[in-house]
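In what follows, chains are A, B, ... by sequence order, proteins preceding strands, each numbered from 1.
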2 protein chains.
Amino acid sequence: MKLSVRGKYALRGLTVLGEAYGPEVVRIQTISEQQNIPKRFLEQILFDLKSAGIVESRRGVAGGYRLAAPPEKIPLAKVIRHLEGALAPVGCISERFYEKCSCPDELQCPLRSIMKEVRDAIAKILENTTVADLVTRAALLRQKPDRPVDFVI
Amino acid sequence: MKLSVRGKYALRGLTVLGEAYGPEVVRIQTISEQQNIPKRFLEQILFDLKSAGIVESRRGVAGGYRLAAPPEKIPLAKVIRHLEGALAPVGCISERFYEKCSCPDELQCPLRSIMKEVRDAIAKILENTTVADLVTRAALLRQKPDRPVDFVI
DNA sequence: CAAATACTTGATTATTTAAGTCGGGTTTTT
DNA sequence: AAAAACCCGACTTAAATAATCAAGTATTTG
């Protein structure tokens, strides 16, 4: 599961929408500026998320986007699956995005068996983490940022 | 961490070498036939693994490849990192393959924080699984194959 | 009602990555 | 000396990524 730039933009956009969750709508431009995302590209991404039923929109001069459900009802796995496809590192273990492998016998493939464990570990986290968690974590980090990696003496 | 076809070929090849581990060497052609991998492509991959010190080779008419260390000393993480780069789903949390992100402040990015958890879960499995485990698991599966996914009534 | 604003939709493009392929070179054995 | 097998770099083709562009449609407000 490698997250593309597109996927990162989507999740960062959803975090902004999660923070502003309510009846009101947020403009693409606002998100774009706040998160440093090319506006035209974000436009495309949000429209895509709308087709997945993750966000909804209002057109016209007071238009914008908002979450289609409360933030705690939107697991990251749902977003990522829609945008990137399988969570699994190899297609031959994905249930939703299965792809045949070239190996002699899938049912006896030891690699497949290991990768299934990896898939399950990834899914466990991403199914249980929601946009609400992104919002919470953002608030925490605002008070107590992650320390940089290179603090080595 | 999406595993490319190249990466899958590598791990499947290493499984064969793991099963044959000993002083003797295995020909590319043998692996290629046994695992249904394009020979020319496998050649390239094994040569690459050699440069990483994971396998060693013997040239000439009785030539071939063998593991450069006992199978239980070769963690899958090492192989995958060499071939595919970061295990992490996003570059901004990788220690070995760090890449800057476009977000306003990495130290306050909630997405980064979640993805670090995913990375750790993946790494935990792949650091602790070795070529020897692939061999063991292959033997097990030979007696008791994974049942197919579509056994639904 | 008109103009401005903001989402809608499809098309286009440039760059990069993936998956192989090709050709010839070098080493070792028989 | 000839055959087998690894060595090594360059090349090719197809697909995916990361955008950008150009109009079009809906909605609000002066």
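Every residue meeting the salt bridge (Lys or Arg N to Asp or Glu O under 4.0 Å) condition with A/Arg137, not counting sequence neighbours, appears here in chain and number order: B/Glu117. Evaluation of the salt bridge (Lys or Arg N to Asp or Glu O under 4.0 Å) rule for A/Arg59 yields no partner, not counting sequence neighbours. Not a single salt bridge (Lys or Arg N to Asp or Glu O under 4.0 Å) links A/Arg27 to another residue, sequence neighbours left out. With sequence neighbours excluded, the residues satisfying side chain to side chain contact (heavy atoms under 4.5 Å, CB included) with B/Arg119 are B/Arg81, B/Ala88, B/Pro89, B/Ile93, B/Ala123. Every residue meeting the side chain to side chain contact (heavy atoms under 4.5 Å, CB included) condition with B/Lys100, not counting sequence neighbours, appears here in chain and number order: B/Tyr98, B/Glu106. Scanning for salt bridge (Lys or Arg N to Asp or Glu O under 4.0 Å) contacts around B/Asp105 gives an empty result, with sequence neighbours left out.
Within the 4.5 Å cutoff, the side chain of B/Thr15 has no heavy atoms near those of the A/Leu111 side chain. Within the 4.5 Å cutoff, no side-chain heavy atoms of B/Val131 are placed close to those of B/Leu11. A/Met115 has its side chain within reach of B/Leu126: a pair of non-hydrogen atoms, C-beta onward, lies under 4.5 Å apart.
In this structure, B/Asp48 places its CG atom 14 Å from C1' of C/dA18, rounding to the nearest Å. In this structure, the NZ atom of B/Lys50 is 11 Å from the C1' atom of C/dT27, given to the nearest Å. Here the C1' atom of nucleotide C/dG20 and the CD1 atom of B/Ile37 are 13 Å apart, to the nearest Å. The CZ atom of A/Arg66 sits 14 Å away from the P atom of C/dC7 (whole-angstrom rounding). Distance, B/Ile45 CD1 to C/dA19 C1': 9 Å, rounded to whole Å. Distance B/Glu43 CD to C/dG24 P: 15 Å, rounded to the nearest Å. If you measure from atom CZ of A/Phe41 to atom P of C/dC7, you get 17 Å, rounded to the nearest angstrom. Distance NZ (A/Lys39) to P (C/dA6): 7 Å, rounded to an integer number of Å.
Counting any heavy atom pair closer than 4.0 Å across all strands shown, B/Phe47 reaches sugar-phosphate atoms only and no base atom.
Chain A approaches DNA chain D over the interval D/dA18 to D/dT28, counting the first and last nucleotide 5' to 3' with an atom under 4.0 Å from its heavy atoms.
Contacts between residues 1-9 of chain B and DNA chain C, defined by a heavy-atom separation below 4.0 Å, involve B/Ser4, B/Val5, B/Arg6, B/Tyr9, listed by number. Non-hydrogen atoms lying under 4.0 Å from DNA chain D are contributed by B/Arg58, B/Arg59, B/Gly60, B/Val61, B/Gly63, B/Gly64, B/Tyr65, all within residues 58-65 of chain B. Interface residues of residues 10-36 of chain A facing DNA chain D, ordered by number: none; criterion, heavy-atom separation under 4.0 Å.
The environment of A/Glu99 atom CD is sparse: at most 12 non-hydrogen atoms of other residues, nucleotides or ligands sit within 6.0 angstrom.
Taking CD of A/Gln108 as the reference point, atom CZ of B/Arg142 lies at 7.0 Å (rounded to 0.5 Å).
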List the atom pairs, with distances to 0.1 Å, where a side-chain N or O of residues 60-80 of chain B and a protein N or O form a donor-acceptor pair under 3.5 Å, not counting sequence neighbours.
| from | atom 1 | to | atom 2 | distance (Å) |
| --- | --- | --- | --- | --- |
| B/Arg66 | NE | B/Glu56 | OE2 | 3.2 |
| B/Arg66 | NH1 | B/Gly22 | O | 2.7 |
| B/Arg66 | NH2 | B/Glu56 | OE2 | 2.9 |

Report, one line per pair, each donor and acceptor closer than 3.5 Å where one atom sits in a side chain of residues 35-46 of chain B; sequence neighbours left out.
| from | atom 1 | to | atom 2 | distance (Å) |
| --- | --- | --- | --- | --- |
| B/Gln35 | OE1 | B/Arg12 | NE | 3.0 |
| B/Asn36 | ND2 | A/Ser102 | O | 3.0 |
| B/Gln44 | OE1 | B/Arg6 | NH1 | 2.9 |

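Cluster membership check: B/Met1 shares its hydrophobic cluster with A/Val5, using side-chain heavy-atom separations under 4.5 Å among Ile, Leu, Val, Met, Phe, Trp and Tyr.
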